[in-house]
Amino acid sequence: MKVTLHVWRQAGPADRGRFARYDVADVSPDMSFLEVLDVLNQQLIARREEPIAFDHDCREGICGSCGMVINGRPHGPERATTVCQLHMRTFPDGAELWIEPWRARAFPVIKDLVVDRAAFDRLIQAGGFITARTGSAPEANSIPVPKRDADLAMDAAACIGCGACVAACPNASAMLFVAAKASHLGLLPQGQPERSSRVVNMVAQMDAEGFGACTNHGECMAACPKEISIDFIARLNRDYLKAVIRRPW
Amino acid sequence: MELRAKIPSGPLADKWERHRSEIKLVNPANKLKHEIIVVGSGLAGASAAASLAELGYRVSCFCFQDSPRRAHSIAAQGGINAAKNYQNDGDSVFRLFYDTIKGGDFRAREANVYRLAQVSASIIDQCVAQGVPFAREYGGMLANRSFGGVQVSRTFYARGQTGQQLLLGAYQALSRQIGLGKVTMHPRAEMLDVVVVDGRARGIIVRDLVSGAVSAHAADAVVLATGGYANVYYLSTNAKGCNVTAIWRAHKRGAAFANPGFTQIHPTCIPVTGHHQAKLTLMSESLRNDGRIWVPKAPGDTRAPGDIPESERDYYLERLYPSYGNLAPRDIASRRAKEVCDEGRGVGPGGNGVYLEFRDAIARLGRPVIAERYGNLFEMYERITAEDPFERPMRIFPAPHYTMGGLWVDYNLMTTVDGLYAIGEANFSDHGANRLGASALMQGLADGYFILPYTIGDYLAQMKLDRLDTAHPAFRQAEADTGERVRRLLAVNGRKSCGTAAACRATGPASPRPSSRSADCARSSGATSTSAARART
């Protein structure tokens, strides 16, 4: 099959950027979308043009490195699928695709489709952890955790930190990412001592990074390759409200 | 070269306890003066960096990804072993030790493996305290499952994402230390060389993968937690960025390499579909519990699997190993699959595949039971191949995915270069010739949380504190060597790889359109475009 790609090319953070058109022939339906970019890059390098920069690593949909907007949808049209696991058979022959990086103030473009997601790391540094010094842990079974809580915590913990939720949100909000981490840790007994400070600190950091506010569009959940539920946002809001009322902790 | 393993004397069971009590400690005030470099942020690297920072050392951690959370440990599916004996089924430290040694064909270092089994229980305690959402029983206690090669149930798991959850636990502990200013994190940085001064590792040379700038970093000790070398094979299940530079450069600087031939070829991966393919995807070994592996009896049989009658099928594992059947150990299952494909009996495009069929299990147990057990895996397979395993047998083929060999280390996890440590998959010591399932995660975390933080102190306590900065001639020399190597590579100017100029098959100078039809061509150009893209980003 053949595809036409309009790829966002931006030489660096200061460059304005533009779409460049590429026609790629001999695409196999069994290729992943990233493999089409590999093939295109091979051709670009052979023509002594600059290859398209994009983040990728595991190509199994778990590391969260890859991510790009395809025809307006983060990670493309397939439900619950990262772009590395998106196969070309999803698209009709002759498809015309517009490829853009994540667009959010908190995720500045580094080059082409590569954005700087260090803001997510700083959100975790602000409170997305349980303080447990190595060696200080009690016997693992000393605190039972109801299966229901453990399962729900796991649903939230499945987040791969790709940033699709931010890219999908009209406000470029990081609420789903923060809510997933706050819920994962807040649902477990081990996470209780820092539950209030965690949500307050992470929300403050989210504002400081320039992420927008949540206005309940639900686009994040629709784009999430791990189908993380916006129920966790309700949980975060409740924890946040309780924490600020109870202040100081 | 003289290899001194420094294994403590005394009975196996007492070695670690005694060693821990006898090795030198670094005074808390002095810890603040020691700088340690940790390269890699997977299970071993992140846990080591976090634990060393908690102890008070100044730590710099480097990873090539944009965030430490993306290291390839994240892709581990199955689980992590620990001798907790929660199932009351007779597990013990000795049994875990013995299973590991035996699984590795008695080629691992006994003292290291015994210590690994001893600290395994603490790993689970630590991870639970960090909030790793392990699977639970209805009563709230931790659940276990069995893995290949053992008769007890000692594997802890978090759905099919155990590696992800353990890594996030270590990443969060590391993030806390970064937030506190105890660890300086250098993401998008690739280590290019180790700097050795007077026989001791004293720093590294690093390339910033955004700017391309090469810089030098000094420290009192260097820890390599940079994973294995399965990507020396053209296609493996390793991530694209796992390019082995770090341990290779360390080897060139004098660190001995042990057992490089001990690579694990995993029997159940999705076969290659074409020359464009970037890497292989692993399917969990658990599929072999209910699936039957077969190929047609006649070479070159291209009929659809459903059209091949029972009498013309060769269930070769069941035929050759009646007692193990389809659950034959990984290495055996892999070798036999390769053999039948070499005989021309492989199935699917290119003949590089064998069938793994669930027809009989579905008939016996019903579709809902199979869907509950393997639903996620079937969905993943269908997404990649567009074939429904309920309707048509899966096609699988062996692929390299883990390397037991690595840098030689002594009992303290130090390589043959003083002050240069190797932990996790990067070292060679714990798995012998074959690793048991669910033991890679255990070893990475054991090294990072509970072994290196003690043993590195013994070295630092005995070294004279001599401030060394990157102005030292050894750093200048290593930087110059690195620059020269890069210059030489760029000067090759690509006549033999289609990434830069001519297509592989073209004999003349640059042709405008690369031929991507030969596998060799795709091979060399793929490598070139990846490294070129990375060098320029």
Side-chain angles (χ1 to χ4, degrees), chain A residues 26 28 30-32 34-35 38-39 41-43 45-47 50-51 53 55-60 62-65 81 85 87 89 110-111 114 117-118 120-121 124-126 128-134 136-141 144-147 150 153-154 157-158 161 184-185 188 190-191, chain B residues 50-51 54 65-67 69-70 72 74-75 86 124-126 128-131 133 136-142 158-159 161 164-165 168 172-173 175-176 178-179 210 239-241 273-274 276-279 281 383-384 386 449 453 498-501 512 514 516 525-526 528-529 532-533 536-537:
Chain A
D26 295 335
S28 149
D30 291 330
M31 283 180 172
S32 74
L34 295 189
E35 285 165 356
D38 289 342
V39 169
N41 273 346
Q42 221 168 287
Q43 296 171 5
I45 294 167
R47 298 204 300 255
E50 191 71 11
D55 268 323
H56 66 100
D57 200 23
C58 80
R59 300 214 180 188
E60 293 180 21
I62 192 76
C63 75
S65 295
T81 303
Q85 294 276 291
H87 285 76
R89 64 181 83 93
I110 295 174
K111 185 180 177 179
V114 178
R117 286 171 292 194
F120 267 10
D121 287 322
I124 299 297
Q125 288 157 23
F129 50 77
I130 290 172
T131 299
R133 169 183 286 273
T134 303
S136 64
E139 196 337 285
N141 259 347
V145 181
K147 186 177 188 314
M154 182 61 223
H184 157 209
L185 301 176
L188 298 169
Q190 291 83 0
Chain B
S51 302
E54 285 168 3
Q65 299 91 344
D66 70 320
S67 162
R69 69 180 288 152
R70 309 206 195 281
H72 197 53
I74 206 157
Y86 282 162
I124 303 302
D125 298 344
Q126 183 62 30
V128 166
Q130 289 169 344
R136 299 269 171 177
E137 319 261 8
Y138 281 100
M141 299 303 169
L142 289 156
R159 294 202 187 136
Q161 293 133 279
Q164 180 200 26
Q165 293 310 313
L168 291 180
Q172 285 160 203
S175 293
R176 178 166 172 269
I178 297 169
V210 175
K240 296 302 292 169
T273 56
H276 57 266
Q277 194 156 341
K279 73 179 284 279
T281 304
R383 188 172 300 155
I384 293 172
Y449 282 132
C498 51
T500 41
S516 52
S525 70
T528 314
S529 71
R536 283 170 202 174
T537 42

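Here is how names work: the chains are called A, B, and so on, in the same order as the sequence lines, proteins then strands, and each is numbered from 1. Fair warning: this is a prediction, and the values are worked out from it, not measured in the lab. We use all heavy atoms of the structure for the numbers below, so side chains are in, but hydrogens, waters and symmetry mates are not.
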Inset, instruction - Output the option from B:Q164, B:Q65, B:H72 having the highest count of non-hydrogen pairs under 4.5 Å with chain A. - result: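 Option with the top pair count is B:Q164.
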
Inset, instruction - Pick whichever of B:Y138, B:Y449, B:Y86 has the most heavy-atom pairs under 4.5 Å with chain A. - result: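 Heavy-atom pairs under 4.5 Å are most numerous for B:Y86.
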
Heavy-atom distance under 4.5 Å to chain B: side chain of [X], backbone, both or neither?
{"X": "A:D30", "value": "both"}
{"X": "A:S65", "value": "both"}
{"X": "A:A126", "value": "neither"}
{"X": "A:T131", "value": "both"}
{"X": "A:R133", "value": "both"}

Legend entry - Check: B:E54/A:T134 side-chain N/O donor and acceptor closer than 3.5 Å: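 The answer is yes; a qualifying pair exists.
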
[atom2] on [Y] to [atom1] on [X], rounded to 0.5 Å:
{"X": "B:Q277", "Y": "A:M31", "atom1": "CD", "atom2": "CE", "answer": "10.0 Å"}
{"X": "A:I124", "Y": "B:R176", "atom1": "CD1", "atom2": "CZ", "answer": "14.5 Å"}
{"X": "B:H276", "Y": "A:E35", "atom1": "NE2", "atom2": "CD", "answer": "4.5 Å"}
{"X": "B:L168", "Y": "A:F129", "atom1": "CG", "atom2": "CZ", "answer": "14.5 Å"}
{"X": "A:Q85", "Y": "B:I384", "atom1": "CD", "atom2": "CD1", "answer": "4.5 Å"}

Inset, instruction - Give the C-alpha distance, both sets of side-chain angles, the deciding distance and a yes or no for side-chain contact (heavy atoms from CB on, under 4.5 Å) between B:Q130 and A:Q190. - result: CA-CA 7 Å; B:Q130 289 169 344; A:Q190 291 83 0; over 6 Å; no

Closest heavy-atom contact between [X] and [Y]?
{"X": "B:A278", "Y": "A:D38", "answer": "CB-OD2, 3.9 Å"}
{"X": "B:P133", "Y": "A:A150", "answer": "CB-O, 4.0 Å"}
{"X": "B:S175", "Y": "A:Q125", "answer": "O-CG, 3.2 Å"}
{"X": "B:A239", "Y": "A:C58", "answer": "CB-CA, 3.8 Å"}
{"X": "A:M154", "Y": "B:A158", "answer": "SD-CB, 4.0 Å"}
{"X": "A:A140", "Y": "B:I124", "answer": "CB-CG2, 3.8 Å"}

Inset, instruction - Please examine the side chains of B:E137 and A:K147, heavy atoms only from C-beta on, and report whether any two atoms are closer than 4.5 Å. - result: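 No, side chains not in contact.
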
Where the side chain of [X] meets the backbone of [Y], is there a donor-acceptor pair that is under 3.5 Å apart?
{"X": "A:E60", "Y": "B:T281", "value": "no"}
{"X": "B:R70", "Y": "A:G161", "value": "yes"}
{"X": "B:D125", "Y": "A:A137", "value": "no"}
{"X": "A:H184", "Y": "B:G131", "value": "yes"}
{"X": "A:D121", "Y": "B:S67", "value": "no"}

Legend entry - Step-by-step side-chain contact (heavy atoms from CB on, under 4.5 Å) determination, A:I62 to B:Q161: CA-CA 9 Å; A:I62 192 76; B:Q161 293 133 279; 4.2 Å; yes

Legend entry - Contact leader toward chain B among A:D55, A:N141, A:I130, where contacts are heavy-atom pairs under 4.5 Å: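 Max contact count across the listed options: A:N141.
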
Legend entry - chain B contacts, top residue of A:G191, A:G128, A:P146 (heavy-atom pairs, under 4.5 Å):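 Option with the top pair count is A:G128.
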
